[in-house]
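Notes follow once the structure below has been shown.
Naming: A, B, ... by sequence-line order, numbering from 1 per chain.
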Amino acid sequence: MKPEFGITSDAWTSGNPGIGGARVTDLKGNQLDFHNTPATELHSNNFFELLGISLAVRYALKNGIKVVYTDSQTAMAWVRNRMPGKNVKMDRDMLIARANLIADRCEKYGIEIKKWNTSEWGEIPSDYGRKSGGKKVA
RNA sequence: ACAU
DNA sequence: AAATGT
Ligand SMILES: [Mg+2]
Ligand SMILES: [Mg+2]
């Protein structure tokens, strides 16, 4: 069933690797937080998905929220393992530090990170809507 | 294959 | 079509 409680995060990039950012919304899509990184820094899509989770968990612990949804299987695994797989070279040290901070905060505050089931529920509310390029009129 |  | 990941 589509969730009734919790907040959501999602990422955007221009290119992959590329510039990008992430945002946090409630389940209605109201924006609660966001961060876009400097346009001179290129990172992977998954880097930004993890950034989104970090923003969401920070918001959650300050606001008594216990569930954070993401659509990123990869970023969820990074938090669970407290690190990315050994083949991930780009931003590795940053990713380890961030995954550990998220995992520590989740443990301390009892926050759960759950998978948003896009195939059943549609796009996550925090999605940027960049994938469906508008219907072609002309 | 699955998730982006 | 290409790239990032488990
Ligand atoms: Mg996403
Ligand atoms: Mg999206």
Check: residues 17-24 of chain A side-chain donor-acceptor pairs under 3.5 Å, at least two apart:
| residue | atom | partner | partner atom | Å |
| --- | --- | --- | --- | --- |
| A:Arg23 | NE | A:Ser126 | O | 3.0 |
| A:Arg23 | NH1 | A:Gln31 | OE1 | 3.3 |
| A:Arg23 | NH2 | A:Asp127 | O | 2.7 |

**Message:** Is a donor from one side chain sitting under 3.5 angstrom from an acceptor on the other, for A:Thr8 and A:Asp10?
**Reply:** no
**Message:** I'd like the 5' and 3' limits of the part of DNA chain C contacted by chain A, with heavy-atom contacts below 4.0 Å.
**Reply:** C:dA3 to C:dT6
**Prompt:** Below 3.5 Å, does any donor atom in the side chain of A:Asn46 face an acceptor in the base of B:U4, or the other way round?
**Reply:** no
**Message:** Looking at A:Thr118, I'd like to know whether one of its side-chain N or O atoms comes within less than 4.0 Å of OP1 or OP2 on B:A3.
**Reply:** no
Show every donor-acceptor pair shorter than 3.5 Å between a side-chain atom in residues 61-69 of chain A and any protein atom, with sequence neighbours excluded, or say none if there are none.
| residue | atom | partner | partner atom | Å |
| --- | --- | --- | --- | --- |
| A:Asn63 | ND2 | A:Tyr59 | O | 2.7 |
| A:Lys66 | NZ | A:Tyr109 | O | 2.5 |

**Message:** Regarding A:Asn45, tell me which of base, sugar-phosphate or nothing describes its non-hydrogen contacts under 4.0 Å with the strands shown.
**Reply:** base
**Request:** Calculate the interatomic distance between A:Trp121 atom CH2 and B:A3 atom C1'; express it in whole Å.
**Result:** 14 Å
**Request:** Name all residues meeting the side chain to side chain contact (heavy atoms under 4.5 Å, CB included) criterion together with A:Ala103; count only those two or more places apart in sequence or in a different chain, and write none if there are none.
**Result:** A:Val79, A:Arg82
**Prompt:** Between A:Met76 (CE) and B:A3 (C1'), how many Å, whole number?
**Reply:** 10 Å
If you look only at distance, which donor and acceptor atoms sit under 3.5 Å apart when one is on a side chain in residues 70-78 of chain A and the other is two or more places apart or in another chain?
| residue | atom | partner | partner atom | Å |
| --- | --- | --- | --- | --- |
| A:Thr70 | OG1 | A:Ser72 | N | 3.1 |
| A:Ser72 | OG | A:Ala75 | N | 2.9 |

**Request:** Linking directly or through intermediates, with side-chain heavy atoms under 4.5 Å: list the remaining ILVMFWY members grouped with A:Leu101, chain and number order.
**Result:** none
